[in-house]
> 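First the structure, which I've put down as structure tokens, then a few questions once you've had a look.
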Protein chains: 2
Amino acid sequence: MIHGDEKQKSILIAPLAVWTDFAPVCRWAHTYTMVWVTGFYTLAETEKTIESRLSGLEIDFTSQAAIANLYRAANSVRKYFSNTVLRSNDLSWTGFVVLWVVWIWPGIEVRHAAEEAGISKSTLSGVVRTMEGRSLMRREIDPTDRRLVHLELTDQGDRMMLDLFPRFNGEESFAVSPLSSKGVQELTKSLKAIVTHLEANMPETMGE
Amino acid sequence: MIHGDEKQKSILIAPLAVWTDFAPVCRWAHTYTMVWVTGFYTLAETEKTIESRLSGLEIDFTSQAAIANLYRAANSVRKYFSNTVLRSNDLSWTGFVVLWVVWIWPGIEVRHAAEEAGISKSTLSGVVRTMEGRSLMRREIDPTDRRLVHLELTDQGDRMMLDLFPRFNGEESFAVSPLSSKGVQELTKSLKAIVTHLEANMPETMGE
DNA sequence: CCTTTTTCTTTCGGATACGAATCATATCCA
DNA sequence: TGGATATGATTCGTATCCGAAAGAAAAAGG
């Protein structure tokens with residue numbers, strides 16, 4: 001075996017969770033560099049290699065760790081929900097979100113549903129097609145303005161959400177359970193601040 | 001026009017950011033319900049409709065808001081970065097993350113790179129194919145164990161990262177700029193707690 | 001040795017995902 | 001009225017994305 005510490009689960013992930021714990025990085029990099037890239041680098045030389053990439057660049061490690069963990073956390077949440085409550089109903093995260101939006105706002109128009117679900121209209125179009133195929137959702141053309149399309153759940157979709165949603169919410173509680181009640185509220189507040197900030201500065205494209 | 005407040009941007013999104021600000025929900029739901037679903041519901045009746053879906057279910061709104069905003073924030077971040085720094089190099093978020101991982105750990109093996117990037121091995125396989133096509137990355141079969149594949153950046157990929165990464169990091173600083181330094185660290189800590197918690201309880205599948 | 005098992009990567013099928021182009025409808029205004 | 005303009009939804013092309021199956025190579029155990 002090439003890597004002696006194979007069994008140790010990686011601590012890092014994505015751009016830069018790594019920098020919050022420097023030692024493992026060096027160990028990995030050392031391993032790879034030594035056995036593969038050149039075959040004979042020492043640890044000191046390896047560190048020099050990393051530094052030649054980042055050290056001269058004045059990196060903001062704090063912000064980097066925050067963004068990396070934000071993305072990683074969202075990923076974990078999606079995976080966790082996909083592998084628990086959603087799997088039992090063969091739903092993707094996005095599929096569930098779309099169902100949820102339509103459940104809460106029966107008759108919602110396509111572009112609003114896309115906005116609420118946080119996906120593009122073209123993506124929604126595909127998801128709705130899938131949901132229609134499973135008899136969970138229905139399209140209805142507006143009789144007054146025939147450009148508009150309203151979305152509704154079928155009775156089957158409605159029944160499913162009634163069963164699924166409480167379980168979904170239970171997992172939401174579970175997901176944030178390592179945090180205090182105060183901590184959860186603080187987290188929400190910080191996340192909203194980031195969303196507001198970025199959406200206000202989003203370049204053209206998604207104006208509505 | 002059906003919706004008088006068409007111009008007002010929706011505040012909500014995804015499962016439940018909505019419940020942190022109840023009024024707009026009612027306005028929307030009222031609008032939809034009134035003009036479409038039945039045609040003549042009053043506001044009071046509309047509220048009853050919503051309650052018939054959720055009120056009896058004992059929902060944990062606090063956790064719900066946190067998870068909804070977490071996912072939404074990650075979405076905003078990905079979109080923002082895709083539309084700014086990454087667009088200039090025609091890279092997707094995932095593509096960038098993969099390049100970054102390989103940049104930091106030259107010669108990293110496929111399964112480790114997937115783990116670090118937070119994507120499945122099959123996804124990585126496709127991304128690497130794309131990157132190879134653009135001459136940014138290279139596959140190398142391990143001469144000792146021919147099952148293993150090592151990844152490396154080409155000179156061109158290396159040059160690109162050297163230019164791109166500082167700009168990427170600059171946007172990371174910008175993204176969290178509405179938060180205090182202390183706030184950013186608290187956020188990171190909370191996110192890591194969620195990740196650790198969920199990964200420890202992730203059902204089978206991704207044990208690796 | 002040589003079958004069985006394990007390990008690692010890729011391929012495959014189907015669903016997301018987005019921007020650009022397209023199609024359908026509605027509004028504007030001369 | 002009727003062409004130009006605007007607005008909505010869908011389709012199209014391409015790139016992710018994943019789990020399951022397939023493929024390739026190494027290790028294990030007689």
Side-chain angles (χ1 to χ4, degrees), chain A residues 1-3 6-7 74-75 78-83 86-87 90-98 108-115 117-134 136 139-151 202-208, chain B residues 1-3 6-7 74-75 78-83 86-87 90-98 108-115 117-134 139-151 203-208:
Chain A
M1 258 303 146
I2 289 179
H3 308 294
E6 194 79 22
K7 281 291 168 254
N75 239 16
R78 200 195 57 234
K79 272 182 193 163
Y80 179 77
F81 280 76
S82 297
N83 287 332
L86 300 184
R87 175 171 300 280
D90 195 28
L91 282 177
S92 66
W93 173 278
T94 299
F96 172 79
V97 171
V98 170
I108 191 171
E109 295 166 20
V110 164
R111 77 213 122 95
H112 295 142
E115 168 81 15
I119 58 179
S120 69
K121 282 189 297 178
S122 54
T123 299
L124 179 59
S125 208
V127 173
V128 170
R129 181 190 294 125
T130 302
M131 293 303 159
E132 264 189 321
R134 293 202 218 169
L136 296 173
R139 280 182 165 94
E140 301 273 359
I141 297 178
D142 189 310
T144 305
D145 185 340
R146 296 176 52 76
R147 292 173 303 183
L148 304 181
V149 171
H150 298 269
L151 302 176
M202 197 72 71
E204 44 177 324
T205 295
M206 52 177 309
E208 137 79 0
Chain B
M1 258 302 145
I2 289 181
H3 307 293
E6 194 78 22
K7 282 290 168 252
N75 240 17
R78 200 195 56 233
K79 273 183 193 162
Y80 178 77
F81 281 76
S82 297
N83 288 333
L86 300 184
R87 175 171 301 279
D90 194 27
L91 282 177
S92 66
W93 173 277
T94 299
F96 172 79
V97 171
V98 170
I108 191 170
E109 296 167 19
V110 165
R111 79 213 120 97
H112 294 142
E115 167 81 15
I119 58 179
S120 69
K121 284 186 294 181
S122 55
T123 299
L124 178 60
S125 206
V127 173
V128 170
R129 182 191 295 126
T130 303
M131 294 302 161
E132 265 188 321
R134 292 202 220 166
R139 279 182 165 95
E140 301 274 357
I141 297 178
D142 189 311
T144 305
D145 183 340
R146 296 176 52 76
R147 292 173 302 182
L148 304 181
V149 172
H150 297 269
L151 302 176
E204 46 177 323
T205 294
M206 53 177 310
E208 157 67 5

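When reading the values below, keep in mind they use all heavy atoms of this one structure, side chains included, and skip hydrogens, waters and symmetry mates. Here is the naming used below: chain letters follow the sequence lines, and residue numbers restart at 1 for every chain. Fair warning: this is a prediction, and the values are worked out from it, not measured in the lab.
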> Filter on salt bridge (charged side-chain N to carboxylate O under 4.0 Å, His left out), then keep only pairs touching residues 119-129 of chain A, sequence neighbours left out; what's left?
none

> Rounded to whole Å, please give me the gap between CZ in Phe96(B) and C1' in dT16(D).
17 Å

> If you compare all heavy atoms of Trp93(A) against all heavy atoms of Arg78(A), which two are closest, and at what distance to 0.1 Å?
CB-CG, 3.4 Å

> We want to know whether Thr94(B) and Ser92(B) form a side-chain donor-acceptor pair, criterion being a heavy-atom distance below 3.5 angstrom.
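No, Ser92(B) and Thr94(B) have no side-chain donor paired with an acceptor closer than 3.5 Å.
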
> Scan nucleotides 24-26 of chain D against the protein and return all N/O pairs shorter than 3.5 Å with their distances rounded to 0.1 Å.
unit_1: dA26(D); atom_1: OP1; unit_2: Arg146(B); atom_2: N; d: 3.2

> Atom OH in Tyr80(A), atom CZ in Arg87(A): separation rounded to 0.5 Å?
13.0 Å

> Whole Å only: how far is the CH2 atom of Trp93(B) from the C1' atom of dC17(D)?
16 Å

> Identify, residue by residue, the members of residues 126-133 of chain B with a heavy atom below 4.0 Å from DNA chain C, and return them in order of residue number, or none.
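Correct list: Arg129(B).
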
> Using a heavy-atom cut-off of under 4.0 Å over every strand shown, decide if Ser92(B) touches base, sugar-phosphate, or nothing.
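Contact class for Ser92(B): sugar-phosphate only.
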
> Glu140(A) has an atom CD; how far is it from atom P of dA9(D), in whole Å?
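So the CD-P distance, Glu140(A) to dA9(D), works out to 14 Å.
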
> Side chain of Lys121(B) only, heavy atoms from C-beta on: which candidate in dT9(C), dG8(D), dG19(D) is closest?
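Selected nucleotide (nearest to the side chain): dT9(C).
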
> Do you know which two heavy atoms are closest between Gly118(B) and Asn75(A), and how far apart they sit?
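Here Gly118(B) and Asn75(A) meet closest at O-ND2, 3.0 Å.
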
> Starting at the 5' end of DNA chain C, which residue's closest nucleotide do you reach first, Leu91(A) or Ser125(B)?
Ser125(B)

> Rounded to whole Å, please give me the gap between CG in Leu124(A) and C1' in dA17(C).
12 Å

> Using whole Å, report how far CG of Leu86(B) lies from P of dC18(C).
15 Å

> Contact between Leu91(A) and Arg134(A) at the side-chain level, heavy atoms closer than 4.5 Å - yes or no?
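Counting from C-beta outward, Leu91(A) and Arg134(A) do come under 4.5 Å.
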
> Looking at every non-hydrogen atom in both residues, tell me the closest pair between Glu132(B) and Arg139(B) and how far apart they are.
OE1-NH1, 2.6 Å

> Ignoring backbone atoms, test whether Ser120(B) places a side-chain nitrogen or oxygen under 4.0 Å from the OP1 or OP2 oxygen of dC18(D).
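Yes.
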
> Nearest whole angstrom, please: distance from the P of dA9(D) to the CD1 of Ile108(A).
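Going from CD1 in Ile108(A) over to P in dA9(D) covers 11 Å.
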
> Is Thr123(A) near enough to dA17(C) that one of its side-chain N or O atoms lies under 4.0 angstrom from OP1 or OP2?
no

> Nearest whole angstrom, please: distance from the C1' of dT10(D) to the CG of Leu148(A).
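Roughly 14 Å, once rounded to whole Å.
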
> Within the structure shown, what part of the strands sits under 4.0 Å from Ile119(A) by heavy-atom distance: base, sugar-phosphate, or nothing?
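Sugar-phosphate: the residue Ile119(A), judged by heavy atoms under 4.0 Å, touches backbone atoms but no base.
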
> Minimum heavy-atom separation for Leu124(A) to Ala114(A), with atom names?
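Heavy atoms of Leu124(A) and Ala114(A) come nearest at CD2-N, 3.6 Å.
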
> Just call it for Arg139(A): base, sugar-phosphate, or nothing, with non-hydrogen atoms closer than 4.0 Å on any strand.
sugar-phosphate

> To the nearest angstrom, how far is Arg87(B) atom CZ from dG19(C) atom P?
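Computing the Arg87(B):CZ to dG19(C):P distance gives 7 Å.
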
> If you assign Asn75(A) and Val110(A) each to the DNA chain D nucleotide with the nearest heavy atom, which residue ends up on the more 5' nucleotide?
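Looking at the nearest nucleotide for each, Val110(A) comes out on the 5' side.
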
> Just so I know, are the side chains of Val98(A) and Leu151(A) near enough to count as touching, which here means a heavy-atom distance under 4.5 Å?
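SC-SC contact between Val98(A) and Leu151(A) ruled out.
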
> Could you pull out the closest heavy-atom pair between Ile119(A) and Thr123(A), with the gap in Å?
CD1-CG2, 4.0 Å

